[in-house]
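In this chain, numbering begins with 1 at the start of the sequence shown.
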Amino acid sequence: MYQPKDSYAVGQTVIFPAFSFAVGKVVGSRPGHDPARGDFEVIQVLFEGSRDAREFASRLQSPHALNRE
């Protein structure tokens with residue numbers, strides 16, 4: 001299950017509850033930075049049935065609504 005605080009590896013399958021439990025595969029990653037949130041990682045995810053990857057935050061240390069304890 002995707003949570004912005006977690007780390008994901010290229011090739012890993014991730015489930016996104018916020019998108020009706022869509023299944024995606026991590027196909028890339030890059031460093032990210034936001035002055036308000038600090039450093040984190042951006043993962044590129046390819047969803048089943050799609051040709052274009054979407055980007056999501058990972059290793060995000062600041063609070064986020066999608067993170068669960």
Open item on the list: If the condition is side-chain contact (heavy atoms from CB on, under 4.5 Å), which residues does Asp39 pass it with, not counting sequence neighbours?
Closed with: His33
TODO: Of all the heavy-atom pairs spanning Gln12 and Ser7, show the shortest one and how long it is.
DONE: OE1-O, 4.2 Å
Open item on the list: Quick check: closest heavy atoms across Val26 and Ala9, and the distance to 0.1 Å?
Closed with: CB-O, 3.4 Å
Task: For Tyr8, all residues meeting ring-ring contact (aromatic ring centres under 6.0 Å, His included), sequence neighbours excluded - done: Tyr2
- [ ] Determine which pairs satisfy salt bridge (charged side-chain N to carboxylate O under 4.0 Å, His left out) with at least one residue from residues 7-27, sequence neighbours left out, and list them in order.
- [x] none
Open item on the list: Tell me which pairs pass side chain to side chain donor-acceptor pair (under 3.5 Å) where either residue lies in residues 42-55, with sequence neighbours left out.
Closed with: Arg30-Glu55, Gln44-Glu55
TODO: Each residue besides Phe21 in its hydrophobic cluster should be listed here, by chain and number; the cluster joins Ile, Leu, Val, Met, Phe, Trp and Tyr at side-chain heavy-atom distances under 4.5 Å.
DONE: Met1, Ile15, Val23
Task: Residue pairs fulfilling salt bridge (charged side-chain N to carboxylate O under 4.0 Å, His left out) with at least one residue in residues 8-24, sequence neighbours excluded - done: none
TODO: Any chance you could pull the hydrophobic cluster mates of Val27, using side-chain heavy atoms under 4.5 angstrom and chaining through other members?
DONE: Leu46
